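Both counts, for ligands and for their atoms, begin at 1 and track the order of listing. Reckoned from all heavy atoms, side chains included, excluding hydrogens, waters and symmetry mates. Keep in mind that what you see is a predicted model, and the values were worked out from it rather than measured.
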Amino acid sequence: MKVTMFGTGYVGLVTGTCFAEMGNDVLCVDIDPAKVDSLNRGEIPIYEPGLEQMVRSNHTAGRLRFTTDTAEGVDHGQLLFIAVGTPSNGDGSADLSHVLGVARSIGEHMTEPKVVVDKSTVPVGTADQVRAAVTETLEKRGASVDFDVVSNPEFLKEGAAVSDFMKPDRIIIGTSREDSAALLDALYAPFNRNRDKVIHMDVRSAELTKYAANVMLATRISLMNEFANLAERLGADIEDVRRGIGSDPRIGFNFIYPGTGYGGSCFPKDVKALIHTACETGYRAAIMEGVEAVNERQKGVLVDKIRRHFKGALEGRTFALWGLAFKPNTDDIREAPSRTVIEQLISMGAGVRAYDPAAGKAAARVYGDEPGFTLCERRDDTLVDVDGLIIVTEWNEFRSPDFRMLKDKLKEPVIFDGRNVYDPDYLAGLGFAYYGIGRGLSSLAG
Ligand SMILES: NC(=O)c1ccc[n+]([C@@H]2O[C@H](COP(=O)([O-])OP(=O)(O)OC[C@H]3O[C@@H](n4cnc5c(N)ncnc54)[C@H](O)[C@@H]3O)[C@@H](O)[C@H]2O)c1
């Protein structure tokens with residue numbers, strides 16, 4: 001099939017590449033010329049395991065092309081996917097300017113029937129807005145061309161995006177038109193072989209399904225963080241509690257890891273957007289407001305522990321910080337908890353020597369000019385003249401460091417572990433002061 005993908009970010013690039021991998025003829029359109037140039041050279045602008053090789057092989061085979069030419073994009077595909085960003089507006093609502101910009105471009109250039117597919121995460125009712133924007137621009141040209149707008153939200157995870165897309169748990173197709181549904185069914189058939197994963201529904205239900213899924217997962221994280229904060233105050237260990245509740249199959253182990261709050265490009269904005277949508281209908285989303293409030297508070301717990309340990313005297317101190325990405329296996333630092341930690345420490349007069357296996361470049365773009373911030377090339381380069389170690393992202397290379405070397409290098413043997421990567425008893429045995437999240441009274445000590 002001929003497919004056009006508008007937007008070559010984490011979602012558009014993975015989706016377009018995986019469709020090409022199945023033999024489709026895919027043209028990816030992005031407004032960022034630098035991105036398109038680097039993709040045409042076979043270099044991918046993001047870190048995503050397995051993606052670069054797949055982009056290169058499909059590009060070489062001629063099934064995956066990149067352009068900034070919107071008109072060419074509209075002309076190319078029978079299916080026009082919109083996979084552009086939908087960041088938060090100041091009031092928490094989703095910024096639809098990119099989505100509607102693509103919709104208008106489609107109306108400007110469309111000369112034959114098309115199926116427009118919303119792949120971006122968009123509030124309920126957006127397909128209607130996309131339809132209106134296409135219709136309006138068509139009418140301005142005096143043109144009348146048949147088209148449908150389908151909702152096909154994406155559930156891939158950064159860090160495992162290719163395998164998630166190739167082996168999806170479900171494929172949501174929201175449309176009330178049988179011909180559009182049949183086209184999408186055919187496109188997804190190669191991803192739908194071992195069991196039927198396609199779920200058909202109306203457009204609005206599909207739009208809401210995506211938000212409901214992300215808010216459900218964010219809720220588990222915030223609730224677990226609330227249990228962790230309670231565990232600290234009650235002298236319980238949240239890691240034991242986690243094992244105790246996760247073993248119940250009704251609860252399970254996914255998304256019940258306590259930490260420094262959820263981040264990334266999706267959960268924070270999607271929780272806010274659904275609260276906003278609820279508000280617009282006159283409904284107060286009390287649980288979701290709580291999820292968001294707990295998360296905001298949680299982002300500050302690590303710095304609270306650091307401040308308490310040093311009795312408020314952080315000025316002039318420097319900390320090694322391991323992990324900048326919002327989770328392992330990605331270079332994405334959008335709304336990452338590391339940013340709160342860095343910004344709070346710097347505002348208190350402390351310095352940070354940071355390392356991340358993939359997100360260094362992204363962090364340099366944000367903090368490169370910040371005098372208190374030093375980006376290190378290797379993990380152990382962070383350990384020069386520092387007062388303590390802070391773990392923010394649980395990359396594998398942080399799991400088993402040489403603790404004796406660490407103890408030698410740190411001015412004071414203290415570790416603030418925002419992901420409960422280490423065993424508190426083991427570290428106490430080695431003479432470290434150790435602060436985890438929700439790990440009994442020791443987490444509050446100092
Ligand atoms: N990142 C994820 O893990 C994830 C997962 C599921 C769903 N989503 C949703 O998918 C959407 C895209 O997310 P992302 O992380 O890929 O965003 P991104 O910011 O990485 O990429 C968006 C891309 O769209 C391009 N763009 C903007 N306007 C354009 C236009 N008019 N025409 C063509 N390209 C344009 C930008 O230059 C950018 O390259 C969002 O709605 C997001 O919520 C993201």
Side-chain angles (χ1 to χ4, degrees), residues 4-18 27-39 44-49 51 66-74 76-77 80-89 93-109 116-123 126 130 133 137 151-165 168-172 206-207 209-211 213-215 217-218 262-274 325-327 329-336 362:
T4 299
M5 191 64 55
F6 288 95
T8 56
Y10 290 86
V11 168
L13 185 58
V14 171
T15 305
T17 305
C18 292
L27 180 62
C28 294
V29 183
D30 203 290
I31 49 169
D32 181 345
K35 219 176 222 189
V36 169
D37 283 349
S38 78
L39 285 164
I44 69 163
I46 53 171
Y47 174 88
E48 191 55 57
L51 184 59
F66 303 96
T67 182
T68 53
D69 187 338
T70 306
E72 187 190 353
V74 176
H76 173 82
L80 307 178
F81 278 79
I82 305 179
V84 297
T86 48
S88 276
N89 284 317
S93 62
D95 173 359
L96 293 179
S97 57
H98 303 294
V99 170
L100 296 177
V102 175
R104 282 189 290 274
S105 303
I106 291 172
E108 273 160 26
H109 300 293
V116 179
V117 187
D118 281 341
K119 173 66 82 187
S120 297
T121 301
V122 288
T126 301
V130 168
T137 29
S151 169
N152 170 224
E154 183 48 54
F155 298 93
L156 62 76
K157 298 183 290 296
E158 285 175 24
V162 172
S163 65
D164 282 353
F165 196 90
D169 298 319
R170 78 295 216 190
I171 300 158
I172 304 283
E207 289 171 333
T209 298
K210 173 64 195 176
Y211 280 99
N214 274 0
V215 173
L217 296 173
Y262 57 75
S265 67
C266 292
F267 287 3
K269 81 172 171 63
D270 292 348
V271 172
K272 288 188 188 97
L274 196 55
F326 82 94
K327 65 175 181 179
N329 296 319
T330 181
D331 60 349
D332 198 342
I333 62 162
R334 289 179 281 186
E335 302 247 4

Contact check, side chains of [X] and [Y], non-hydrogen atoms, under 4.5 Å:
X: Leu80; Y: Phe6; answer: yes
X: Tyr211; Y: Pro123; answer: yes
X: Val130; Y: Leu100; answer: yes
X: Thr209; Y: Ser151; answer: no
X: Arg334; Y: Pro268; answer: no

- Per-residue contact class, Arg334 against ligand 1 - non-hydrogen pairs under 4.0 Å: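 The answer is the side chain.
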- For ligand 1, note which part of Ser265 has a heavy atom under 4.0 Å away: side chain, backbone, both or neither.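 The answer is the side chain.
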Rounded to the nearest 0.5 Å, how far apart are [atom1] of [X] and [atom2] of [Y]?
X: Leu39; Y: Cys28; atom1: CG; atom2: SG; result: 7.5 Å
X: Tyr10; Y: Lys157; atom1: OH; atom2: NZ; result: 16.0 Å
X: Leu27; Y: Thr4; atom1: CG; atom2: OG1; result: 5.0 Å
X: Ile171; Y: Asn152; atom1: CD1; atom2: CG; result: 8.0 Å
X: Ile333; Y: Phe326; atom1: CD1; atom2: CZ; result: 11.5 Å

- Asp32 side chain to Ala34 backbone, donor-acceptor under 3.5 Å: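 Yes; at least one donor-acceptor contact below 3.5 Å.
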For [X], the ligand 1 atoms whose distance to one of its heavy atoms is below 4.0 Å:
X: Val102; result: 30 (C), 31 (N), 32 (N)
X: Lys35; result: 38 (C), 39 (O)
X: Ala83; result: 12 (C)

Short N or O distance, [X] and ligand 1, threshold 3.5 Å exclusive:
X: Thr121; result: yes
X: Thr86; result: yes
X: Val11; result: yes

- Task: Look at ligand 1 and say whether Lys157 reaches it with a heavy atom at a distance under 4.0 Å.
- Result: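 It does not, in that no heavy atom of Lys157 comes within the 4.0 Å cut-off of ligand 1.
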- Answer with yes or no whether Cys266 contacts ligand 1, where contact means a heavy atom under 4.0 Å from a ligand atom.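 Right, Cys266 reaches ligand 1.
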Taking [atom] as the reference point, the nearest protein heavy atom with its distance:
atom: atom 22 (C) of ligand 1; result: Gly85 N, 3.6 Å
atom: atom 33 (C) of ligand 1; result: Val29 O, 3.5 Å
atom: atom 1 (N) of ligand 1; result: Glu158 OE2, 2.7 Å
atom: atom 23 (C) of ligand 1; result: Asp30 OD2, 3.7 Å
atom: atom 21 (O) of ligand 1; result: Gly9 CA, 3.2 Å

- side chain to side chain contact (heavy atoms under 4.5 Å, CB included), paired with Phe155, selected from Ile172, Asn214, Asp169: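 Of all the options given, the one that passes is Ile172.
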Winner among [options] once heavy atoms are compared against [atom]:
atom: atom 42 (C) of ligand 1; options: Met5, Glu154, Lys269; value: Lys269
atom: atom 14 (P) of ligand 1; options: Tyr10, Tyr211, Phe6; value: Tyr10
atom: atom 11 (C) of ligand 1; options: Asp118, Val84, Asp164; value: Val84
atom: atom 24 (O) of ligand 1; options: Ala103, Ser97, Gly7; value: Gly7
atom: atom 27 (C) of ligand 1; options: Leu156, Asp95, Ile31; value: Ile31

